[in-house]
Amino acid sequence: MRKSRREFLTDTSLGVLATLAAGRAGAANTPDVPASPNASSSPNALASPANVPPGTPSAFATAPPAGPEVSPGTFAAAEKLVRVKMSDSDLKQAAGSWRVAMASLYERRTGPKKMPLEESVAPGSRWNPRIAGVRQPELQRNFVRFESSAEALPQRDEDIAFASVAQLSRWIEQRQLTSQRLTQIYLERLQRFDPRLKCVITLTADLARAQAKQADAEIAAGKYRGALHGIPWGAKDLLDTAGIRTTYGAEPFKDRVPAADAFVVKRLHEAGAVLVAKLSLGALALNDVWFGGQTVNPWLLEEGASGSSAGPGAATAAGLVGFAIGSETGGSIVSPSMRCGVNGLRPTFGRVARTGAMTLCWSLDKLGPMTRGVEDTMLVLQAISGPDAGDVDSVASDLDYDARASIKGLRVGYFPAWMSEATAVDRAALDAAKKLGLEAVEVSIPDWPYDSLDLILFAEAAASFEDLTLSGGVDKLKMQVPDAWPNIFRQSRFLSAVDYVQTDRMRRKVAIEMARVFSQVDLLLVPSLRDEMLTITNFTGHPSLTIRAGFVEVSEARSDWAPDPHHPLPKFNPPRRVPHGVTLIGRLFDEGTLGRVGLALERAFGVVTSRPPGF
């Protein structure tokens, strides 16, 4: 059979390469050697333009040789990393053609034509959580707050500090409390308690006082901007602030000072909120250790606050800010909200633009509020929602929230097996939902390997911090254990591109399964840190609301890090009492239902006013 030009050129090139490879008989155990600079030995000379007829199309495996020599042994070792098996002949062919077939694909990074990728450049492929053919709920722009009875302004600063945003905003609107007084209360508390909590990276006192003064002047002039006007808040230190350092909690970025505010920061400035502090996060958004130490849990100072939104969780729980903004890629709002006993809202992927926020994973990162009251999460979400041209995944969306609307008859899904393994607090939360008139519906999902989805997280994160990894900058991070980013970033370079695509297809299949579940229910109630659902919903983009539901006792400190026998965690006898929360998961862009149900549950639980001792 006559060969095509492509086959002829490819086979000819491979034949020469195979001959070269054969000269290294037994090379399975031969170390790699540098490429020869002798261009005359290039097998690609056979496929050069001078040696082919005009009009011949280009062919694979005919590029100029690039990169170091590789051997069948190179591939024999590498196949162990990706768990594939090649025959001896396959190994020889792969090694023989690698330098002209594949090595040049790395030219973007290795040269000679290196191509920089600016931080603002997002991948061409985008994750869309919506499933074709699945009808989304009809939402409208509707926001009605809960009409609480008027409370007198407390005399003690401490009691004012622990009030919810909903209550603080009423006092400010009614001019019982000035933003300047409230701001000073929080600045003093931040300075007093941060040495114990290690939750502040940068105190923004000058900016805060100026913003508070402006807020009071505007309110006095009748220019009230809304519920967040004059309310002090803290930003997880991965949100850019113009002229104020934004460190990502990581040593290589300690002195980084951005020129512009992040989209969310701009939105909150426009709402009249007062920025009092840049709060800690685990380095590069992992767990709770940053370059200043470990942020700790106000309820149990012997353990970390959990991460990576550790600072927002600790500061909000201890009454050091009115509210905070955290971020989540794989649990970084849910986990510290659980540990510190606050409310954490992880919005639908795409609802809140991430322009000016550190990128860990383009298709997973989300920004959301962490507060002391459930309705506070809705007030903040209303202010920060919206698209921005700097975030190609952000979309316009409506927030339909009416605190007065009945929740009776809503279908709340639960997983029976998970509830049987959960705490009494989790089961009591489901009982409380039933008593409020919700219909409990048993649901299930396939027994699939959901943790396989993390291949996407690791690959995107390693790509985001490629320069830092290859330059050795990650070696400066405090945590260098196997489960920290430095090791994961390095390991991720050996993940298979084919498996990345297959995992992305798995992600779509999981999203379709979640659409099936939500065809049966209006929301889910799940144990907050149940790994399957935490992973699934982060990858599918569904919103979640974690709320304090009660208290449990622990006999040992908890940690985000893998167990280390050389550094055992503190044990307690008698056990310590700590807050415990449950998580509501909603349909895409239906955070309003989560807020309505969460508000009703918060009133039923009756634990929201409990404070960590000593604060």
Side-chain angles (χ1 to χ4, degrees), residues 1 3-36 38 41-47 57-111 125 448-449 451-463 466 469-470 482 487-507 509:
M1 180 180 293
K3 293 185 177 181
S4 69
R5 293 188 181 111
R6 179 183 294 275
E7 289 171 326
F8 174 81
L9 293 171
T10 302
D11 287 357
T12 303
S13 299
L14 294 185
V16 173
L17 285 166
T19 301
L20 294 174
R24 292 185 284 114
N29 297 313
T30 302
D32 295 343
V33 295
S36 169
N38 184 1
S41 65
S42 169
N44 192 59
L46 293 172
S58 61
F60 294 142
T62 59
E69 295 280 359
V70 295
S71 69
T74 307
F75 284 84
E79 67 182 7
K80 298 175 184 178
L81 298 179
V82 291
R83 296 172 69 177
V84 297
K85 186 63 178 175
M86 300 167 68
S87 68
D88 289 344
S89 61
D90 292 340
L91 292 170
K92 289 180 180 178
Q93 187 177 60
S97 66
W98 177 263
R99 295 184 64 225
V100 295
M102 297 292 181
S104 62
L105 302 181
Y106 295 133
E107 185 176 9
R108 185 258 331 153
R109 173 168 54 82
T110 62
S125 299
W448 291 342
D451 283 346
S452 294
L453 292 168
D454 282 336
L455 186 150
I456 295 172
L457 164 60
F458 294 159
E460 289 197 32
E466 176 184 66
T469 303
L470 297 181
N487 182 53
I488 292 174
F489 289 168
R490 289 188 288 263
Q491 288 178 319
S492 296
R493 300 209 68 89
F494 302 98
L495 293 173
S496 160
V498 173
D499 284 321
Y500 179 93
V501 174
Q502 297 297 70
T503 304
D504 206 28
R505 297 175 68 206
M506 173 188 173
R507 183 183 199 175
K509 189 170 182 177

Please name the pair of heavy atoms, one in [X] and one in [Y], separated by the smallest distance, quoted to 0.1 Å.
| X | Y | answer |
| --- | --- | --- |
| Ser496 | Val82 | CB-CG1, 4.0 Å |
| Leu470 | Arg493 | CD2-CD, 4.1 Å |
| Ser452 | Met506 | CB-SD, 4.1 Å |
| Pro482 | Ile488 | O-CG1, 4.1 Å |
| Ala95 | Ser71 | CB-C, 3.5 Å |

Problem - Whether over 12 other heavy atoms sit under 6.0 Å from Met86 CE - result: yes
Problem - Within 6.0 Å of CG in Asp88, more than 12 heavy atoms from elsewhere - result: no
Pairwise distance [atom1]([X]) to [atom2]([Y]) - rounded to 0.5 angstrom:
| X | Y | atom1 | atom2 | result |
| --- | --- | --- | --- | --- |
| Asp499 | Asp504 | CG | CG | 12.0 Å |
| Gln502 | Arg507 | CD | CZ | 15.0 Å |
| Lys92 | Phe75 | NZ | CZ | 14.5 Å |

Handout entry: Test item: Tyr500 and Leu455 side chains (from C-beta on) under 4.5 Å apart, heavy atoms
Key = yes
Exercise for the section: Classify the angle between the aromatic ring planes of Trp98 and Tyr106 as parallel (below 30°), tilted (30 to 60°) or perpendicular (above 60°). Expected result: tilted
Exercise for the section: For Ser87, enumerate each residue passing the side-chain hydrogen bond (donor to acceptor under 3.5 Å, both in side chains) test, keeping only those at least two apart in sequence or located in another chain. Expected result: Ser89, Asp90
